Amino acid sequence: MSQRGKELASTFSPAEIEAPLYEKWISAGYFTADANSSKEPFSIVLPPPNVTGILHIGHALDQTLQDCLARIKRMKGYEVLWLPGMDHAGIATQNVVEKQLAAQGMSRHDLGREEFVSKVWQWKAESGGAILDQMRRLGDSVDWSRERFTMDDGMSNAVVTIFRKMYDAELIYRAERIINWCTRCLTALSDIEVEHQDDAGEFVQVRYGDGEQSIVVATTRAETMMGDGAVAVHPDDPRYKHMIGTEVLLPLVNRMIPIIADELVDPDFGTGAVKVTAAHDPNDFEMALRHNVPFVVIMNEHGIMEGSGTEFDGMDRFDARVAVVAKLKELGRIVAEKRPYIHAVGHCSRCDTTVEPRLSKQWFVKVAPLAKASADAVRSGAVKIEPEELAPRYFDWVDNMHDWCISRQLWWGHRIPVWYGPNGEMVVVGPGESAPVGYVQDLDVLDTWFSSGQWAFSTFGWPEKTNDLAKFYPTSVLVTGYDILFFWVVRMMMMSTFAMDGVPPFKTIMLHGLVRDQFGKKMSKSRGNVVDPLEFMDKYGADALRFTLARGANPGTDQALAEEWVGGSRNFATKLWNATRFAMMNGATVEGPIPDAASLNAIDKWILSRLTETIRDADSLFEKFEFAKASELIYHFAWDDLCDWYLELAKESFATGSAADSQRVLGHVLDQLMRLLHPLMPFITEELWVSLTGGESLVIAKWPEANLNYLDKTAENLVTQMQAVITEVRRFRNDQGVKATAKIPGRLTTSGELAKYASAMGFVLKLEAKEFTPTAAFEIGSVKCELDLSGTVDVVAERARLTKDLATIQKDQQTAQVKLGNEGFMAKAPAEVVTEIKERLVKTQAEIERITAALAVLPSA
RNA sequence: GGGUGCUUAGCUCAGUGGUAGAGCGUCUCGUUUACACCGAGAAUGUCGGGGGUUCGAAACCCUCAGCGCCCA
């Protein structure tokens, strides 16, 4: 562990300090929350990663932002709880273990349910949760003593409890419906587990019936026509009005089906007549209910045609489509066909198989009352969405939600706590209860999101009335990507408001974007542009990765990420390291009181003023979740103000040995800067701060407060002038081909306050203060600069420099003149703007005179 | 099809009415005892096109074009 005054290595190596520092924080127990504390609580639940997951760049962003908030609040004196854990991830995890079995030529059915599930637990114990170790690498200040898993005993108990509670409240029911079915995973999927893609299908028009009594329907799914129970048209469609109520012959199966009228039919789509396949299409299902159309099932769970009584039985659904169309063509019933026909088709979000709408008996959550409560919580302002521009998307979703299918035909997950009796009885078995003898349990498990929807309260011990629940619920803020707003956030809102008597699970929902590649393209395996956060941490350190991500995190928007930018953040870390090392070599200290501002020189006053502004503005940006802007602000203070200017300007006093005040000021500035940066870059700041101050740890150090007494516009103006002078002289030297490192005789003369700092400026400019005969002289504002170039001035270069300056300033002058000559501007622009432009005009005129004069005395080339 | 967002320097992005900015990249010079993972200096934009509002527009309105996302 580092100690005060320890000499810092000349190069910063993240790998050497990160792991030991994390160990230090853990063993000190800094991240362990105390539910009995009198401090105000601040709590976050980590969006639980899948137990199968490894840390990807999206996690790194999500967790960096959460850690940053947690660390700030901890430093601000809150009792902070950041609760970690994992999700059992039903389908994903089952797939992983099934794949392993398949490698041995086995299926889960060879093992049987019980053995398979224990195999999954075994897998979890051995290979699951790799992501948790990777989170340590990132520096996450989570409370490991409270780590949870969505299938641990406590959460399992909570799941059963809430199922019972919702069932009793008639919010859970069982029904036969059209659900999204994956023919590969062999399970139902909820709407959000279906991804719509534009696929190249076909659009064919088929003539049903014959002669007078015929109608042409348009469809993309010809293979389902054997299951048709009707043809539907719009009630007001003049083309078909006369046919409503009559029957037509359904080809291939030669069955008579009615023509019905329903508002749902779009007369402008296709022929305006559609087939109604009640058992294989959700819209058709709705229509069928209204019109008593029979449900004809013609496909099995694998997507194989079955029960149609035609030659197509036994064929795969996609082969059948081809065969059916071919047969219809043979029969002369194809009127038109379009191929390819691009349209949206649902795919399983897990395995990409085309989803099949399927009639089946499933468990559902009646979402209307829950969704309304969730919407109201945001509308009333009880829950804030950040950035608020994303709130309409939330409303759009919760206001139009379909009932949620929660049963899954899987083995890995929370088994539905419903038991069936021998005579069709059904009983929900709550916690601690047991089913009557002879009853058998429902075979299905619950949707993963059913349990993770309880993450904000079950993790605190619900349904027990625990101290954690009392202290930390509702949580302060939920940080997550906008991409899982619907998957998870809405579910948490619904489940929590229901379980917690109307108290929503968080006060603020902070949404961030996705991390994309360096060209702003989505990362994907197929594109080959996926980056590995662990690799970046290995190469550049965790702080560099975190800082890069935070610096790109504008609220609610995606960010691009390139390896070079992480490298840039590593450079920043090295800069901090070297600046601190240099400061300490020059006696920077936090010992003793900070001298009264009044007694300080302008350079010290200036850096304190800038520090104050930086703390004030960064703090306010952090409070508004403006991570990118806060990071940018601190970065420029540290690099530009502190390193490029303050340290350079202070070198003279360090060199001359009269630097006691500056040593104390510099110590203070670094101390405060490290605190301010700690949430973003916890490792390096800790290392440097402990070394500088001898303090125990930044994790428990006090968050910096802006001392407004340090604000000093006079000092700021003075230093701004000094910067202008130095920059101009450097430019002159550069144009004259004088190396920046070369010491040359020279002097700066001026009057007033600025005169006191002529030697500091001269020191930065490497001007030798000795007797000499100037060969070059020029003015920057009120400052006269005389130099001995030990030779003649490069007249061509100097003329070019001055001519360019003149052109720039003349343009400025013209702009100002045009404005002031504009009657409308003079009459309507605010007084302060007019004053500002007038001042600008005066300045430009002075500059023009100065440059013109300088050009005039310049010898001709 | 409905909704929504974007278009600013080579790239990625800030910038919601008053002289166009950052990071990375580019060019020139430079190893000065904090730092070459660095320093100094420089170049680079009719702010997607067109129209309008305004004394004044990158910003506000309309329109067109291109790209993206969400939902169906």
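Within every chain, numbering begins at 1; the chains are lettered A, B, ... in the order of the sequence lines, protein sequences first and strands thereafter. Here the structure is a predicted model, which means the values were calculated and not measured.
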Using a cut-off of strictly less than 4.0 Å, decide whether [X] has a side-chain nitrogen or oxygen near OP1 or OP2 of [N].
X	N	result
A:R731	B:A42	yes
A:K804	B:A43	yes
A:K651	B:A34	yes
A:N400	B:C71	no
A:W397	B:G3	no

Go ahead and name the base partner of [N]; Watson-Crick or wobble counts if both distances stay under 3.5 Å, otherwise write none.
N	result
B:G25	none
B:G48	B:C64
B:U16	none
B:C71	B:G1
B:U54	none

Taking all heavy atoms of [X] and all of [Y], pick out the closest pair and write down the distance.
X	Y	result
A:V669	A:L642	CG1-CD1, 3.9 Å
A:A583	A:L666	CB-CD2, 3.5 Å
A:G513	A:Y482	CA-CE2, 3.5 Å

Discussion item. Pick the closest RNA chain B nucleotide for A:V738 and for A:Y482 by heavy atoms, then say which residue is nearer the 5' end.
Written reply: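 Nearest-nucleotide comparison on RNA chain B picks A:V738.
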Measure the distance from [atom1] on [X] to [atom2] on [N] and round it to the nearest whole Å.
X	N	atom1	atom2	result
A:E195	B:A72	CD	P	12 Å
A:F572	B:A22	CZ	P	17 Å
A:D396	B:C70	CG	C1'	8 Å
A:E798	B:G41	CD	P	16 Å
A:D644	B:G23	CG	P	11 Å
A:L576	B:C38	CG	C1'	14 Å
A:D640	B:A22	CG	C1'	10 Å
A:R733	B:G41	CZ	P	12 Å

Item to complete: Mark yes when over 12 heavy atoms from residues, nucleotides or ligands other than A:E16 sit less than 6.0 Å from its CD; otherwise mark no.
Response: no
Practice prompt. Count the heavy atoms of every other residue, nucleotide or ligand shown that sit under 6.0 Å from CD of A:E388, and state whether that count exceeds 12.
Written response: no
For atom [atom1], what is the distance between [N] and [M], given to the nearest Å?
N	M	atom1	value
B:C38	B:U44	P	25 Å
B:C37	B:G23	C1'	15 Å
B:A40	B:A36	P	14 Å
B:G18	B:G2	C1'	40 Å

Pull out every protein N or O sitting under 3.5 Å from an N or O of nucleotides 54-60 of chain B, one pair per line with the distance.
residue : atom : partner : partner atom : Å
B:C55   : OP1  : A:K828  : NZ           : 2.1
B:C55   : O4'  : A:G824  : O            : 3.4
B:C55   : O2'  : A:N822  : ND2          : 2.8

Fill in: side chain to side chain contact (heavy atoms under 4.5 Å, CB included) between A:T589 and A:L692, worked out
CA-CA 7 Å; A:T589 181; A:L692 174 76; over 6 Å; no
Discussion item. I'd like to know if A:E847 and A:K843 make a salt bridge, using a cut-off of under 4.0 Å between side-chain N and carboxylate O.
Written reply: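 Salt bridge: no.
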Worksheet item: Charged N to carboxylate O under 4.0 angstrom, A:K338 versus A:E202?
Response: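 No, this pair does not count.
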In terms of side-chain heavy atoms of [X], which of [options] is nearest?
X	options	answer
A:L647	B:G18, B:C24, B:A34	B:A34
A:R393	B:C37, B:C69, B:G18	B:C69
A:M585	B:A34, B:G23, B:C38	B:A34
A:W639	B:G18, B:C38, B:G41	B:C38

Worksheet item: To the nearest 0.5 Å, how far apart are CD1 in A:I385 and CE in A:M510?
Response: 12.5 Å
Discussion item. Categorize A:A579 for me: base, sugar-phosphate, or nothing, with a 4.0 angstrom heavy-atom threshold over every strand shown.
Written reply: base
Item to complete: Can you tell me which residue pairs pass the side chain to side chain donor-acceptor pair (under 3.5 Å) test with a partner in residues 731-744 of chain A, sequence neighbours excluded?
Response: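 Qualifying pairs: A:E728-A:R731, A:R731-A:D805.
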Discussion item. Can you classify the ring geometry of A:F654 versus A:F582 as parallel (below 30°), tilted (30 to 60°) or perpendicular (above 60°)?
Written reply: perpendicular
Practice prompt. Give the ring-plane orientation class for A:F572 versus A:Y635, where under 30° counts as parallel, over 60° as perpendicular and anything between as tilted.
Written response: tilted
Worksheet item: Do A:K739 side-chain and B:C29 base share a donor-acceptor contact under 3.5 Å?
Response: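 Side chain to base: no pair present.
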Restricting both atoms to N or O, compile the protein contacts to nucleotides 12-15 of chain B shorter than 3.5 Å, with distance only.
residue : atom : partner : partner atom : Å
B:U12   : OP1  : A:F519  : O            : 3.3

